[in-house]
Structures are given as C-alpha cells and as structure tokens.
Amino acid sequence: MGATAAAAAAEYTEESPYRFRIARRDPMRVDGVVFASRELLRDAERSLQQVVNVATLPGIVGASYAMPDIHWGYGFPIGGVAATDVEAGGVVSPGGVGFDISCGVRLLAADLDRRGLAPELGAVMDGLGEVIPRGAGPGGVWQVRGPAELEKIMAGGSRYAVEQGHGDERDLRRCEDGGAVAGADPEQVSGRARERGLGQVGSLGSGNHFLEVQQVAEVYDDAVARAFGLAAGQVCVMIHCGSRGLGHQICSDHVRAMDRAMARYGITVPDRQLACAPVDFPEGRAYLGAMAAAANYGRANRQLLAEAARRIFRRETGARLSLVYDVSHNLAKTEEHPVDGERRRLCVHRKGATRAFPPGHPELPEELRDAGQPVLIPGTMGTSSHVLTGVPGGAAFHSTCHGAGRVMSRHQAARAIGGRELRARLESDGVAVRSASWRGLAEETPEAYKDVTEVVAASEGAGLCRRVARLIPLGVVKG
DNA sequence: ATGTAC
C-alpha cells in the first residue's frame, strides 16, 4: 500500500540553510520545497516521494512544501502544505488534511504561577483526571441531546458552545476563524459519521492527544509573549485533540467518493491515497462542507474541554484561565495569496502544518495585530512545548511546523518501556500523570519521538516563524 | 489519528 515508489528516492539540492528543493520533472507540475535541517531531512528521505507525488495534483501552485517535521502519511506527508488555484481547476484532497480533521491545539494561561499552583497540583490533576474524558471509544463532557444538537455543533463550533454558556465572547476572538469555519454542510456528513460523533463531544481521544498543565519555562520575546498573555513561570493548560470518530469517518467516506469520481473526471494521481476532486465540482464541494463540519466539531471539542479545565482550576485554586489561542494543524482553507504577482483564491491544504499569520494580518484580532498569530506546538509527553509567532514574508502560504514526528513505532515504544515504569519516571521528574491505559502511555514515551526543539529551531531557521516561549509540563492527562 | 479491517 502507500505510494507507488516506482521512482528512486527524490533528488534534492540545498538552496539555502534549512531550505531544500526537489526540481520539477514529469509528471510533477511544480517543484518540491522542504524546510528542514540536514539531520531532520536525512530522517525523512523516504517521505520525499510523497512531496513529489503531491506536486502532480491538478491546479497546484507555488511548490509542494514540507515542514521540518515531515514524516510519512496517508497520501500527503504529515508536515505537507499544498495550495491549488480554485479558478484553474484546482483540487481538494482529503489526504491533504488527514484523518483527524481539524486536529489542533488550544492554550490557556492561568493568573497563577508555578509556586502558587504547587500545593494544589495533586488536587488539580485528580480533578482533571476525573472530568476529562479520554481514551478510545465513546465518552464526552457533553451529552448531546440528539441529531439536531449535533448539527448545531457542526455548524457553529466553539461559537455554539459559547452560546450555550460554555465560555465567553473573548474566547472566540482568540480562536482561528472566530471559533467556527464558514461553509459547514452537515448534509454531507454520513449517518455513520454522526453516530460516531454523537457520544464524543468534549473528549481527548488517544494517541498523542493530551491535556497538560504546563509552566512557561523560557521567554524568547518579552513583548510578543506579553501580547499573547504569557510570562515566565506562569501556569498554562494546553489541549491537543481533534474531531474523533466523526472526522475519521468523514475522511473515509469522502476518500471513497473521490476515488470513484476521479475516473469520471479523467484525473490521474500517482497514489490512490491522493484521491481528489476539483474544489468547484460536486465531490469537492461535498468534502469541503463535511470537512468544515468536522472542523467545527473539533473546535467545540476543545472549547468544552477548556471549560472543564477552567472549572477544576477555579474550584481547586481559585485561578482563572484565559485563552491564548486555538489553532488547527489539519485543515484545508480557502485563502487569497499572491501567485506570480496576482492575488488568487487558493485551497491551502495544511496537514501536520500550522497557519502562521504575520503581524499586521487583517484576520488577526486587534490585540494580536502587532504580535502576529500565536502558533502552538505541542511537544512530546514530558518534554517541552513551544509558542511561536508568524513572520512577515513567511513562505509556504504562511505555514510552519506542528510538532515532533515519531521515530519509533507504537509497538517498538511499548517494547522499550512499560507504562507503570514510565509513569514512575515521569513522576520522579516532577510530572504528574493521569492516563487512561498503561499501554497507551508506553506508546507515547518521549524516546519514541524526535526532539520538538530541533523541529522548532529548523522552522525558525527557515524563516517560517519566530520563537516566543517554551513551556514544560507539570502534569499530563492522556488517552 | 481511528469502535487500529468490510
């Protein structure tokens, strides 16, 4: 399965530090451009074939890009960014978004520092351990009353959650798209996807998803950190999760529909996992409508988990949590960007890549206009997470990395360490752990991942973003 | 990532 690896490993040249180019050759329509250090690139060479494959998509403009955390994915590499020109027959591909549609990160800052939290950390972690649903399968902080309410969640995202009393208007200003993506079309969401989503609203899921209590360990840019609401020593809560079974089912359903449609439209791709359809054709519109519904479900999910964390912090410490930002790293969006000196309407796929708007961007709320968009990079359990900001002239349609990639399979990781042993190690390092399963915990051991700090350094070196702060965990809630 | 396969 996977890519047709007929060609040898793609040849690339180092164009400038942290920037490598794969020259176009048939059937590529554009070059490939990979942002990485030499070391990170060496680990990812196999995935360059996927960068090449993406470069063949109808309507692609600029280049087929990859971020420093590139690794093998379904069709597109994870860490891939590709934009297609909608008016020129550009396509949308579910593989360019991924199975976990709108997976992303939300960061909240407490009016409390680590010394203030220390005596209550155990109680806070116990509280979070009780109220944060996690692990595979059903369970969520919201009992959705029925199909009609699920439709409202799919249409309204975080905005709907706030309208129902779960958060305030300020939260929405600090969410990408104001908390809800326009154009959600619940009619394009199958019965099966709805069934899977009904019982999971407000849940973490499993794998690398988590809720962490963190502290700001290092600030690299005081002024920007202050604008984001962050200061050294401050306690934060980071939530990393997506659209659970609903997004997964939507991806499956629409990959199948597009696979069938491609033959009718005469579109050929080098890998069936790149199934796609023109944005303005029925299958393209249907996917984008369903994808937006899943995106909103994912944002409501994070809004509700944040509210649950707020209640626990309020009860155990009296502290309030204010939203720094909420941003997705698995999404396709319609955005305007210059192409050959002309502004064009593009479908920008970001899969394991984060939008990073620069200072002054009109879509940023007033209070972030001078600082740029907060970019939230979740680290591996027990290590650092990072806060970045967008920079002027950012390449790849203003995109940057999203996190650390795996270097060990789940199986390898579980063989390398037991869950109980790992928990003991983390606790002795000062990280409180509340996990759902020992096996799941072991699979997420830090040794199984690349160092996210290297990824962030390469992203900054490539001119994609700038570092603002580094966060370290005090406690982790895991699926 | 995912009721870790239809």
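Reminder, nothing fancy here: chain letters follow the sequence lines and each chain counts from 1.
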Taken to the nearest whole Å, CZ/A/Arg244 to P/B/dT4 is 12 Å
Sorted by chain and number, sequence neighbours left out, side-chain contact (heavy atoms from CB on, under 4.5 Å) with A/Tyr449 holds for A/Asn208, A/Thr380, A/Ala404, A/Arg406, A/Glu444
Rounding to 0.5 Å, atoms CG (A/Asp171) and CZ (A/Arg159) come to a distance of 11.0 Å
To the nearest angstrom, the CG-C1' distance between A/Asn330 and B/dT2 comes to 13 Å
Would you tell me if any nitrogen or oxygen in the side chain of A/Ser252 comes within less than 4.0 Å of OP1 or OP2 on B/dT2? no
Here the distance between atom P of B/dA5 and atom CZ of A/Phe99, to the nearest Å, is 12 Å
message: If the threshold is 4.0 Å, N to carboxylate O, is there a salt bridge linking A/Lys333 and A/Asp177?
response: yes
Whole-Å distance, A/Gln249 CD to B/dT2 P, equals 13 Å
Q) Below 4.0 angstrom from OP1 or OP2 of B/dT4, is there any side-chain N or O of A/Arg410? A) no
In whole angstroms, the gap separating P of B/dC6 from CG of A/Asp259 amounts to 14 Å
Which class fits the ring pair A/His402 and A/His329: parallel under 30°, tilted 30 to 60°, perpendicular over 60°?
perpendicular
Rounded to whole Å, CG of A/Asp100 lies from C1' of B/dT4 at a distance of 14 Å
From CZ of A/Arg439 across to P of B/dT2 the rounded distance in Å is 16 Å
A/Glu444 atom CD is separated from B/dT4 atom C1', nearest whole Å, by 14 Å
ask   = Just checking A/Gly207: base, sugar-phosphate only, or nothing, at a heavy-atom cut-off of under 4.0 Å?
value = sugar-phosphate
- Message: Mind checking if A/Gln200 touches a base, just sugar-phosphate, or nothing, with heavy atoms under 4.0 Å?
- Response: sugar-phosphate
